[in-house]
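Below: the structure, in structure tokens.
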Amino acid sequence: MVRIDPWSSAQYADYARLRDEFGIEPFTFHDSLPDPPPIFSRGVVFGHRGFDRVVRAQSRSDPWAVLTGLMPSGRMHLGHKMVIDQVAYYQSLGADVTLAVADLEAYATRSMSLSRCAELARDEYVANYLALGLSPENFRLYFQSRRQAVKNVGFSAARKVNWGEMRAIYGFEESVNMAHVMSPLVQVGDILHVQLPEYGGPRPTVVPVGVDQDPHLRLTRDLAAATRLFSVQDTKEGVGVFVKAEKDFRNVLALAERFVPDAKLRAKLLATPDEAERNQKLVKELFRGVRAALKEAGFADLKENLPYNAIYVPAAGRGDLPLIDEALARVESEGLGEPGFVLPAATYHRFMSGLTGEKMSSSKPETSIFLTDDAETAKKRIGNAKTGGRATAEEQRRLGAEWDKCTVAELYTYHLAPDDDDLKEKYDKCTSGERLCGPCKGIATERAQAFLKGHQEKYAAMKDEAARIVKDALTEGSA
Ligand code: TRP
């Protein structure tokens, strides 16, 4: 059994196996969205959970959100670029984008001070993100330490998970410090809070991340489902909407003021001597709002089954489930004043190997190319990069090189081959032995240098804007 540990420095090798063992779905949406970036079709984005919802929202022109977080740790390098390529692409489709600076997590797990996080966010992350094509329009940045709603959502969602479950997910030792235990719950708050009414309300949300973050997404999705009042299911009688009543109907009773605003009527209902009868009457009242929402979503023909706390939409099938579920999340959120979270989606991308063959890391400069590196440094790093070359030139001409073992091949795949024909040309010349590693590295070097030059010009142009965005984000919560 492999374990995914978001805080370890392990390097993942077998992504298909990771995907299958953890129930991550294969990412097959290359043709479902307009003009996707090359990393979609090249298997770099290789898995997802619940992304169908996002595709549907996009095709219906319904609002959807992107949220991701960055843990400020050092200088940004090429390995960080994939996620921004995705975020910028989603933004170009019309999604609203929120970026969390995970300063509480960095503080808890890496002993990084909050002020150092703020500096890195300004000089490294945000300026580079803007230079990589993220637009300041339709984009919000915040710091975990500054946003009260994030901590509140994390705290209340935490009621639905116990220590045994946290330990099973993360493998925490007895000696773990509790700030570390809290940081995934803050991340739950990051992901879900964008669905609070003041941050845009319930809507499909995608979280593009590396696969190491999957434990956080499983936790978040479990907690999002657990905090819902309604559960929506495919049944023999069409789509069924069920009230998840707690023991003694406690949760429904607690909301009675909301869905029976008339005090007299409410008092009368609550005074019903027979408890079962009282509960049914309450559910009937609760279903008023549900009926209205379903009608608005286009489903007028409904069948109540009060003893089951259920209302059925006989004409609806599996395919209608997400829309009905989203309509009900809005009922919860608006009508009842409780957060009703739509299950967030995630996409997972592979990590680039370090140029030396070990893990790519900010703390080991030789493993990567940093976005602020100069042309000479880029040349040196690519020159030293591990390839799939053979022992001798003669052998390589005869057998071809091993593309799958080459870190320069990864550079082309992730970043330096603008279109698939170009990538194929690199692959064919490599594996046939026609082009040896030296000349191939030469082409990669030229392209990397051109990219860095263009990027650094944009970075310089965006620096003030980035400083402004970070300054604004830092004033949040201090009013
Ligand atoms: N845990 C993430 C990391 O280690 C950072 C992060 C914080 C994040 N909050 C998030 C990622 C919300 C995605 C969504 O890099």
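Start at 1 and go down the list; that is how both ligands and their atoms are numbered. What you are looking at is a predicted structure, and each value in this text was computed from that prediction instead of being measured. The figures here come from the full heavy-atom set of this structure, side chains too, leaving out hydrogens, waters and symmetry mates.
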(message) Check for me whether R167 meets the cation-pi criterion with F172, that is, NZ or CZ under 6.0 Å from the six-membered ring centre and within 45 degrees of the ring axis.
(response) no
Aromatic F451 / basic K81 pairing, under 6.0 angstrom, 45° off normal:
yes
Is it true that, when you exclude K380 itself, more than 12 heavy atoms of the residues, nucleotides or ligands shown sit nearer than 6.0 Å to its NZ? no
ask   = Near M182 CE, under 6.0 Å, is it more than 12 heavy atoms from other residues, nucleotides or ligands?
value = no
Please list, in number order, the atoms of ligand 1 under 4.0 Å from a heavy atom of [X].
X: V207; result: 13 (C), 14 (C)
X: L67; result: 12 (C), 14 (C)
X: A102; result: 7 (C)

Geometric N/O contact E105 with ligand 1, under 3.5 angstrom | yes
Closest to atom 11 (C) of ligand 1 among protein heavy atoms sits G69 N, 3.3 Å
Looking only at protein heavy atoms, what sits closest to atom 9 (N) of ligand 1 is D190 OD2, 2.7 Å
Worked check of side-chain hydrogen bond (donor to acceptor under 3.5 Å, both in side chains) between T356 and E358: CA-CA 6 Å; T356 50; E358 62 198 313; 2.9 Å; yes
Filtering Q213, Q144, M71, R110 for the heavy atom nearest atom 2 (C) of ligand 1 leaves Q213
Among Q187, H80, H216, closest by heavy atom to atom 10 (C) of ligand 1 is Q187
Checklist entry - Under the 3.5 angstrom rule, does the side chain of R221 hit a backbone N or O of L343 as a donor-acceptor pair? => result no
